[in-house]
Structure formats: C-alpha cells, structure tokens
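Everything below concerns the one structure shown next.
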Protein chains: 2
Amino acid sequence: MRRHNTAMVLAEVLRRPGLSRAGVAAATGLAKATVSSLVDRLVAARLVDESGPQSATGRGRRGTGLVPSPTGPHGLGVEIGVDYVATCLVDPTGGEHAHRVRPGDNRGRPPAEVLAAVNRAVRSAKADAGRRGVAVGGLGVAVPGLVDRVSGVVRAAPNLGWSDVDIPAALGAELPVLVDNEANLAAVGELATGELAGTRDFVLVSAEIGVGAGVVLDGAVRRGTHGFTGEIGHVCVDPDGPVCSCGARGCLERMAGPAAILADAGVTAASAPLDRPLADLAGRLAAADPAALAAVRRAGVRLGIALAGVVNLLDVPAVVLGGGYARLHDWLAGPLGEELDRRVIAAQWSPTAVLVSALGGKAAVYGAGQAALREILADPDTYIRRVADPAS
Amino acid sequence: MRRHNTAMVLAEVLRRPGLSRAGVAAATGLAKATVSSLVDRLVAARLVDESGPQSATGRGRRGTGLVPSPTGPHGLGVEIGVDYVATCLVDPTGGEHAHRVRPGDNRGRPPAEVLAAVNRAVRSAKADAGRRGVAVGGLGVAVPGLVDRVSGVVRAAPNLGWSDVDIPAALGAELPVLVDNEANLAAVGELATGELAGTRDFVLVSAEIGVGAGVVLDGAVRRGTHGFTGEIGHVCVDPDGPVCSCGARGCLERMAGPAAILADAGVTAASAPLDRPLADLAGRLAAADPAALAAVRRAGVRLGIALAGVVNLLDVPAVVLGGGYARLHDWLAGPLGEELDRRVIAAQWSPTAVLVSALGGKAAVYGAGQAALREILADPDTYIRRVADPAS
DNA sequence: AGCTTTTGGTTCGGGCACTGAACTTAATCC
DNA sequence: GGATTAAGTTCAGTGCCCGAACCAAAAGCT
C-alpha cells in the first residue's frame, strides 16, 4: 500500500516538477496528511528536494516546490561494446555525469576477462560517484545480444562471441543489476531525453552494422515473446530486389542499410567500423556531391516504405533516426518524411515526425543508467527500505 | 489496498481454476486469513463459486476448489455493424450466451435512430439475462470506426456515416459502458478463446472490406496514440505494384485484399457484401480450381511478405487469420507459413504459428462482451461496491 | 479404532498506513 | 490590522492485512 502510494507521489513529482504537497495530493487523490508523510520519506532518501516557495498564484500561503533531487541515488550505466566498455552516471533529474569510454577489443575475448574489465570500470564509476558525494542506487548493463529478461543472463551475443554469460553473478550482489539488449536500452535513453521526453510511443531506427529498431509503446520498450523485437532490417522493401544475407529479397538492410548506402554513393568502405566511411559520406553530402545526395535520397525513400508500414500498423507519432542514420538525418529526413506523408493513412490528421537521436553514440550507456534509475524511481519504497536496512 | 488484493485473488482463480484458498495464498503471497476474507466477498458477489473438495493430492485435509462462477455478472456485448446489430452475453468463465443478430441497414441512417434500435437490443439482451437469472455487469460496444478511448465518443465511422456520436450518453448511465473499435474488440475476443487463450502476443489480420489488424502485445490490445493502430492494409508489398486507393503503390490491401483475391481468381463480385463471392471462391478452392488455387497462393505469399515484417518487428509468436481470411485459411496458411519461415529471422528458433480465428464473425460482439466483463474481473472490488451500494 | 501427522480454513488480537478534521503558518486583499 | 484563502502538520479514528492460535478433515501408522 505505502509502496504503491510512495511510487505515485514520486511519479507525480517527476511528471510535474515544482509541484507542492497540496498539488500532489490533489493530483493523486491522497489526503494531504498522507502526502506529507510520504514526501518526508522521499526527502529523507534524497530522492526529492524542496526547491523553496512557489511563486504566488493567487492569495493564500505558497506551497513549497518539490523537485527530483540531482543529488539523489544515481543509476550507473555500463555498455559492453564490441570494441569498448563505456560507463556513465545518471541522476534522478536525468542528468548525465562522468561519461567515460574505455577502448579495447572485446571480440572473442573470454567473457571472464571482459567482465573483469567491466568490474574495474564499475568500481571506478562508483569512485566517481563517491567523489561527487552521491550514492549509486543500481546498475544497468547494455549488451549487444539477446538477454534473458528475468535472470539477466546473456543468451547469445554473436558479435562478442558470447553465449550464456551470467552478468549479474559476475558483478556481485552489492547492487541490483539490470541487463538488457543495447538497442532496447538506447530506446530507453531516447525516451528520457530531448524532444522525446514525455512521448510515450515511438520507433527508433538505428543503423549499426545491420539495421535495428527499438519499439516504445505506452512508454515501455517492447521486447517481444523471445526478446527478438526490432528486426526491422529484414522488412521487405522490394520483393524483386537483390538477395539479402538472410536469403530473402529486397530487405531494408540490403537496400538502405549503411553498407548499401555507402556502396550506392560510391564511397569505399572497409568491413567492420563504418564510422569513418559514414563521416566521408557526410562530407560529400555537405559538399553537395550529386551521387551521394541521390544515394541518400533513395535510402530515405526505402526507409520510408518500411517505416510507413510500421507507422500504419502501430500508429506511433514519431520515428527517431539513430546510429549511422543520425549522422545522415539532415539529408534523410526530407525524402523519408515525404514518403511517410504519402503512405501513412493517418498522415492527413497528424503527420509523423522524423526526429534525430538526441544522444547519438551515448544512447545505450545513458539508457542503461536511466533504466537502473527507473527501477528505483518506479518503486522508491523498496529502495528506501534497502538503504535504511542493509540487512535485506 | 483491498482493491488490489481482491483483484489479485480473482486473477489467480481465473488463471488456475480449481485452486484452493491455501493455494491462492501461496501464489499471491497473502496471508491465508486475508485470502479467506477476500474469497468470501468474491463468493458473495457471485464472481467465484466453490466447486467442492479437491481430489486428494497426498495427506491432509482437501482444499475446496474455487472456480470462476458461470452465474456471476455477465458482460453484455453489442456490435453495431454496417448492416446489423448483434448482441451477446459473456459469463465470467468466458462462455457465450444469447447471441443474436438483428439485420438492418444502418448505413447513413441518423445515429439517433440506430441508437434507439441498439437500445432495444440491449433491453432485450438484459431481459435474456434476467430469464437466465444472472446479472449484467457492464456493456461493451463495438463500432466500425475511430473511438475516443476515454470518453467513448465515436469520432468517425465512415461506413456508418457517423462522426462525434456519444454512445455512452445514448445508452444511459445504468451500467458502465465501454466503446471501442470493432477490430480491437475482435482481438480481445480471440485473446480470450480457443488456442489463443493464455497467449499474450499475437497479430490478428482480418479481411473485411479492407484489411485490418489487431495488435496484442503483453496481453493488451494496442491502440496507438490516435487510435489508428492496425492499418496493415497499406503496408507496401511491392513498390512497383498497382496504385491503391490511398495513392501509394503495391499496398497489401490492393494486392491481397478480398477484392483483389476475387478478381485474381476470376470470381465476379458485387461491391459491398463479400460474403457470397468469398463462399463461391471457397467452393472453387474445394473443387481444386487451378485459377482459384493460384490466386490464393499468390495472396498467401503477399500476406507473408507483409506479416514477416510485422513479426520481425514485434516478435509475436502467432498470427491469426480473421474475417474473410478465416474462410480461406486452409489454402492460405501453407504459402503464408512458408513465406514467414523464409523471411522471419527468428523462425529457426521458433516458427511463427498461423492460426484461424476461433470465433469468425462473432469475434467483435464476443470481444465486446469480454471487454465489458474484463473491466469487472480486473477490478472486482469496484464492482462489488457498486452492487452493494447503488448510491454511487 | 485411535493416535499422529499433515494440510485447509477460520478466529482473533495487534499494528501499520491512510483519512478527515482541527489547527498552525503564511500569504494576499481590503 | 483583520478577513480570507491556501499549505502544511498534528492527531485521533478506522480499515485492512498479518501472524498465531485454533478447529476441521483427511491420510498413515500402530
């Protein structure tokens, strides 16, 4: 009961920062007395701060504003990338701190070795938090692979060469650990920042080596029955198109994936890290190179065909371009938007917004930190008990 | 608090009928005493029945089985179709009773007139319930159009020629009224019956005049930000295909919709009611007519292209064929399944099931009744208070 | 048969959390 | 400066859940 109400009160403060106790009481339907006592607990746990008296809104005593505390428990985000380990801290207001990337090739290295490095990174991030005088409330880990949602075991991470790696066990039981797919956590990150803050539905299309999507509906990342959600790369864009590695014809990835765009634009690209050639391509686009412009335009139309299907099916008000697509946004958004306007049935009532990822490469780490934080903010009572009574 | 716990207890009984009080206590984590008192309330409200002593499972006293009561409050489902009004009653076990279809062309008739007819149908269904000695706990109304989720106002129903019709107001305030789109409620219906009972994720593709889809994720029908979810008919199947009424090329509806299949198979069809020509087509298929078989096979492949995209994106374990497609299931499922196996990335781990609608044309009415019922079952405490104290 | 063991279900006192009303504090308006 | 309005706190009252003790019923052992 108290658990539920504490969560309600905190949720209200997060939703409308600066609200007074009385305002929270009105919004939640709880009695003023109840809200007061719950707010006291939240303030004691440093989850909420009093921001001083509100500005006058009429006559009568002014309320004391309540805001999420930037010095409350932080979420510690970790991303295990193919060639780096990144960490960052996320405070209850959503602020990001101590972002750090440690390069190092993790491909094919024994998991234990990588996890030892991760552990060092985590300890160092905790030390950062200590220096800042804030507590770390939980850990979020982003992995480029399939993760069992409940146990946190990595079932398969082909790009790392991992299977059945128990990350929570490896990171010790000091703090609650949450493990999830890198794309899902990137979507969580986007969900919490920039233009998307407050949006409850969108699709994030991200070009990395392949093309993936994060699907956010009703404010939650959808993972699907097996955790395979987001394989948009193999949506059919042209049944007569070229054969894709998956065996089918005309997949989005084959026709508008980063490799396809680069080839179409005549940019020579090595295999794995596409950052460099994409930067080259962006340069040519900025210089108005006709071949590059045409290639990106074609990719935009194809992306539009695929995304129009998604938007028609799910009625999301926005699509977000992430990963490699984020860098091409300025040139992609036009043709993509036109194609969406043409094909989306609901476009005449409300056109679909085409946005850029606000976080770029940081999305996954930040999302991991956010996710860890959200566990606490969604159930503050459990956190309060945990810090009050270290026994359990 | 009690509200939450009462709902938990009832949910557990619905999930595992025949469970004893002790079993519920173990499953929910509540104290036996609490469960006893809550069960008493549920039994008094006729939501739960005692089914007598359980069979022996070892030594010790046998528990008294608890089951959802078939004589508890029923959900009254109403479907306002283009050329009929249908009603039915759904009991707490999911059983359907008193299904009745009243033909009558509602196209272009003034809403007030249609609603008067609906009101008569509702009264008659209530009388049916009275004769059966059961209470009606709530009303669900299925409408072929866009509905405001919170107010229950029909924003637009092109096939009826309606806009901004306030159905709850027209049906009086005696009972809680829930209004939703016909396709969404059909999905609710499927969700509750047959092979799908217990499934939490699937996509229902239904061929009526157009092609629509119901999307069920995590056990809930997804409606989208504007309520436009499910416009799968305009997913692109071939960018070089024929021009569709929506202006784009190669839409699923234009290439594998009922009209397209009939034309492809050489079945002459009048415009509006496609029941007859579809029956003709089914006849030809049964007689192994080569043109008909080839046309349906082509449609299956095209449906497969569109649905593979959906399955790749959302990772649903099953697609369900409804409406006109249900009749063609035996011939569609083969090519459709093959196409899904070919195109769905996760198919090698778990192939996508292709199922038939278990309810056929009754899905929407039944779903409407189910939805009304679920409102009660999801929050039994509110219902119990309502019947105990008619004041509120 | 009678006793023990095991499990299901009820009764009852205790305690926690929410509520409503009264009260204090603080601001505006006249 | 008093009236009015609103925020926030204090406090007694109440509802609901819990644990423990207690009855009930069934199986197994002697």
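By convention in this document, chain letters (A, B, ...) are assigned in the order of the sequence lines, proteins followed by strands, and residues within each chain are numbered from 1.
Neither OP1 nor OP2 of D:dC16 sits under 4.0 Å from any side-chain N or O of B:Asn5. Between B:Thr34 and the phosphate of D:dC18, there is a side-chain N or O to OP1/OP2 separation shorter than 4.0 Å.
Distance from the side chain of A:Ala33 is smallest to D:dC11 among D:dC16, D:dC11, D:dC18.
Between the CZ atom of A:Arg46 and the CG atom of A:Asp91 there is a distance of 11.5 Å, given to the nearest 0.5 Å. A distance of 13.5 Å separates NE2 in A:His97 from OG1 in A:Thr87, rounded to the nearest 0.5 Å. Remark: A:Ile376 CD1 to A:Asp381 CG distance equals 13.0 Å, nearest 0.5 Å. Once rounded to the nearest 0.5 Å, the distance linking CD1 of A:Ile167 with CG of A:Asp148 reads 12.0 Å.
Of the two residues contacting DNA chain C, namely B:Thr64 and A:Leu30, the nearest-nucleotide position lying further toward the 5' end is that of B:Thr64. Checking A:Val35 against B:Ser37, the closest nucleotide of DNA chain C that is more toward the 5' end is the one next to B:Ser37.
Between the CG atom of B:Asp40 and the P atom of C:dG9 there is a distance of 11 Å, rounded to whole Å. What separates NZ of B:Lys32 from C1' of D:dA24 is a distance of 11 Å, to the nearest Å. We find that NE2 of B:His4 is positioned 16 Å from C1' of C:dA17, with the value rounded to whole Å. Rounding to whole angstrom units, CG of residue A:Asp381 and C1' of C:dA17 are separated by 11 Å. What separates CG of A:Leu66 from C1' of D:dG8 is a distance of 11 Å, to the nearest Å. Whole-Å rounding puts the A:Met1 CE to C:dG15 C1' distance at 16 Å. As a whole-Å value, the separation of A:Arg2 CZ from D:dC17 P is 16 Å.
Minimum interatomic distance between A:Pro73 and A:Leu47 (heavy atoms only, all atoms of both residues): CG-CD2, 3.6 Å.
The ring of A:His4 has its center no closer than 6.0 angstrom to the ring center of B:His4.
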Between N or O atoms, less than 3.5 Å apart, protein on one side and nucleotides 25-30 of chain D on the other: list the pairs.
unit_1, atom_1, unit_2, atom_2, d
D:dA27, OP1, B:Arg62, NH2, 2.9

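A salt bridge is absent between A:Asp128 and A:Arg132; no separation between the charged side-chain nitrogens and carboxylate oxygens falls under 4.0 Å.
Residue A:Ser20 is in sugar-phosphate contact alone, with no base atom involved, counting any heavy-atom pair closer than 4.0 Å across all strands shown.
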